[in-house]
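It should be emphasised that the depicted structure is a prediction, and the values quoted were computed from it without experimental measurement.
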Amino acid sequence: MRTELRLTLALALALVLQLLPWTQLTRHHGALYAAALTIGVILATGWVLRRLRAPAPAIVVAQGVVWVTACVVSVWRLHGPAQVEASALLTLPAQGVTFIHDSSAPLFPHPGATLLLVAVVGLLALIADAVAITGDRPGWAILPLVTLHLVMALGLATPTLFGEFVLLAVGIVLVLVAANTRGADDLASRAVTWLTAGALTAATVGLTFVAAGFVPPFEPRAAQAPLQMNDPTLDLKRNLVQGSDEIILRYRTDSPGGTYLKLASLPAFTAEGFGLADVRVATGRLPNPPGSPRGVPRSTSVEIGEFSSEWLPVPYAPTSFEAPGEWGFALDTLDVMAMAGPDRANATLGIGYVVESLEVAPDPATLASATSDGGPARDLTTALPTNLPQPLRALAHEITQDAPTAGAKAMALEAYLRSDRFTYSTAPTTGVGDGLATIEDFLFGSRTGYCEQFAGAMAILAREVGIPTRMAVGFVPGTEENGTWGVSARDLHTWPELWLDDHGWVAFEPTPARGEAAGANTTPTTEEEVPAPATAAAPTPEPEPETPSPTPEPDAAAPAPTGSPSWLGWLALALVVVAAGVAAYWAPRLLRARRRTARLAGGVDPRTTTLAAWEEVRETVGDVRAAWPEGSPRFAAERLVPSLGDDAAAAQALRTLAAATERALFDRAENYAGQGSWHDEVTAITAALEAEAAEQRSRTGARRAVREEG
């Protein structure tokens, strides 16, 4: 098999291998298939044109045309002909960038995202082919491979799996093997090639394994039992009514006015109210907040006393945390939860930890212009029961009829609920919780309730006008003293989070006496009203019966401590890339030097020695990027003499070796009596070939400079 074909096949396989982990980035597998097909078509185009002896510029231009065509055809096939009309096609790249920026992995199908994916992958395939085959620098093919790998790793913003490192290592080794078996027809040379490739693979995989020890795990283990999480709202009303004023946790933060500490998100809604949903649970480095919003980095240190929970109170959106024990997080909501242990329900008891977070608090003017066209799991977070009361639907549209944007609608709903139409009270009403019957009575009957009714009403009304919502359960900021904030059981609270484009999940505060709107760049007052406990005459509502909660499916086994230094993992990744780059640069040279030494070492069989020397001359011609002429050795030698420049000694050595090679090929083996070593002759020929090639490059550069000056 020719070297060019080997390299083409190796590049195709290596590039496609790097696409396998991209299934974590997008759910649109059709786009990945289109990208893989684009790789094959671009590389096949290059191979066919080189067989037809097309010049290098023409090959690159043709591959560029194929690349653009593949991008357009992929969008047309996957998203319909309307998307490739001139007016629509020109806007797709910008739409794709916006969609990717506002979305969380894995991405749903989108024509702009498909165009960008196929375009990026196709461009890297074109570059790989140009540098490795057209440019005859196969070692440089590592750069497109690493780029394709890092686009996934950085785009997903989660720790890279060990298996993904291995795919990268295998891809690199495939290219090296294909590039360095050229001319290795004898068994010894092939053995050296494969042993070197095996050693490179083992070294790369071994270094990857060491690096993986510093990177927090993310890979799922099917053997682990699903996590059964308790609904954090079950104790909400009881703590508001019966809870003690005794401080259960303290924290310090650089966020002015304190911070809301969130326990869990409730995105699912039925007629019975909001609840947990099945989520993907991971461990290790936290991903970017959904929507990649812009915000202010904050740091919060927490000390928990007598508070037992399997949910870790953290500010939203957490970007990293260091807590004792085994903790994971929901990829869709970033809620932090205990992962393992017989006493998981008491995981928070008496622990201290530090949380880094991103505070997203857009000002009112920014909120008023915000849209809400995106959002992860939109089908879940906008769902409403079919039996939603008509008066409730009408009220949502009446309140927001003058609001032109989603952000303005959210602010109108919040202002309506915070008006004097409603009264905050923990005293029993006709219902508890945030079910439809309770919310309907709250809005049109009693107009009295506590945080669940206020937050639930806003979340339902917002869904009716098309804004994704979820409920958050946690703690209000509490009371500050000398820079330390104290939180009691009565500070347990619930509030709505609404999805706004460019801002992600934004917290709102429709409950009176709980501070200003959480999403309006204001902070809760430290003099907020503490709900009074129910009087003795008032009966205490019975807690809602515990019902089995949805089961989050774990995406990872019990982790190493989440506080593992993430910079060590990235340092290890950098070392892997550097080692692979060094291997890509030096491995071809080492293999080439090994073959040359073996061929010129001499031996007892003059015929074998002569043929090996001629093969070395053939490969040296390829090294200097000269074409090997057709014909028998003597005819080939005469055509190669001009490539030796004015070196008469080298020309004579080439003619002598060519004549000896013909005798070795066509004479009977027992009649051949050639010399036992051709080291000096081949060395002279090699020096002349390299000198003339360098002179040719110099003359070409000079002519180019003259043309540019002219």
Side-chain angles (χ1 to χ4, degrees), residues 22 24-31 75 78-80 82-83 88 91-117 154-158 265-269 277 279-280 286-295 316-317 319 330-335 358 360-362 366-384 396 400 403-411 413 458-472 496-508 518-519:
W22 282 51
Q24 299 176 70
L25 267 182
T26 177
R27 295 179 181 177
H28 194 194
H29 292 175
V75 174
L78 295 173
H79 300 282
Q83 298 293 340
T91 63
L92 277 187
Q95 293 178 17
V97 171
T98 301
F99 171 77
I100 294 171
H101 179 271
D102 293 341
S103 302
S104 298
L107 301 175
F108 290 94
H110 184 276
T114 297
L115 179 64
L116 292 178
L117 189 153
L154 299 179
L156 189 62
T158 52
S265 303
L266 311 176
F269 180 68
V279 295
R280 300 169 301 143
L286 284 159
N288 290 331
S292 298
R294 293 173 292 277
Y316 186 84
T319 55
L331 283 170
D332 300 323
T333 63
L334 302 186
D335 300 335
L358 188 69
V360 181
T366 303
L367 276 180
S369 63
T371 60
S372 186
D373 299 323
R378 193 177 176 91
D379 291 343
L380 174 67
T381 56
T382 58
L384 288 170
T400 61
T405 66
K409 293 179 189 295
M411 295 171 69
L413 292 172
M458 182 171 178
I460 295 170
L461 294 172
R463 287 193 180 198
E464 172 60 25
V465 295
I467 305 174
T469 65
R470 66 188 188 190
M471 294 279 276
E497 293 179 330
L498 279 61
W499 178 271
L500 297 176
D501 298 334
D502 296 327
H503 306 291
W505 291 107
V506 177
F508 286 81

> So which heavy atom on I467 is nearest to which on A410, and how close?
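Between these two residues, the closest heavy atoms are CD1-N, 4.2 Å.
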> Quick check: closest heavy atoms across R463 and A383, and the distance to 0.1 Å?
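In terms of heavy atoms, the two residues are closest at NH1-O, 2.8 Å.
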> Given 3.5 Å as the limit, does a donor-acceptor pair link the side chain of T400 with the main chain of A403, or not?
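Judged by distance alone, no pair lies under 3.5 Å.
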> Evaluate the criterion side chain to side chain contact (heavy atoms under 4.5 Å, CB included) for residue pair Q83 and L115; output intermediate values, then yes/no.
CA-CA 10 Å; Q83 298 293 340; L115 179 64; over 6 Å; no
> CD/Q95 to CG/L116 distance, rounded to the nearest 0.5 angstrom?
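Reported to 0.5 Å precision, the distance equals 10.5 Å.
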> Applying side chain to side chain contact (heavy atoms under 4.5 Å, CB included), run through L498 and V506 and close with a yes or a no.
CA-CA 5 Å; L498 279 61; V506 177; 5.6 Å; no
> Donor-acceptor pair, T381 side chain versus P267 backbone, under 3.5 Å?
no
> For A459 and T469, which heavy atoms make the closest approach, and how far apart are they?
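That closest heavy-atom pairing would be O-OG1, 3.2 Å.
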> With rounding to the nearest 0.5 Å, note down the distance linking OH in Y316 to CG in L334.
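That separation rounds to 5.0 Å.
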> For D335 and S265, indicate whether the former's side chain and the latter's backbone hold a donor-acceptor pair under 3.5 Å.
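A pair under 3.5 Å: yes.
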> Mind listing the closest non-hydrogen atom pair of L92 and P111 along with its distance?
CD2-CB, 3.9 Å
> Side chain of S372, backbone of W499: donor and acceptor closer than 3.5 Å?
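Yes: the side chain of S372 pairs with the backbone of W499.
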> Nearest 0.5 angstrom please: F508 CZ to L413 CG, how far?
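The CG atom of L413 is 9.0 Å from CZ of F508, to the nearest 0.5 Å.
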> Nearest heavy-atom pair of T366 and S369: which atoms, and what distance?
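Heavy atoms only, the tightest pair is O-OG, 3.0 Å.
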> Any side-chain heavy atom of P293 within less than 4.5 Å of one from L358?
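SC-SC contact between P293 and L358 confirmed.
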> Apply side chain to side chain contact (heavy atoms under 4.5 Å, CB included) to L461 and K409, showing your working.
CA-CA 10 Å; L461 294 172; K409 293 179 189 295; over 6 Å; no
> Determine the minimum heavy-atom distance between R470 and E497, stating which atoms define it.
NE-OE1, 2.7 Å
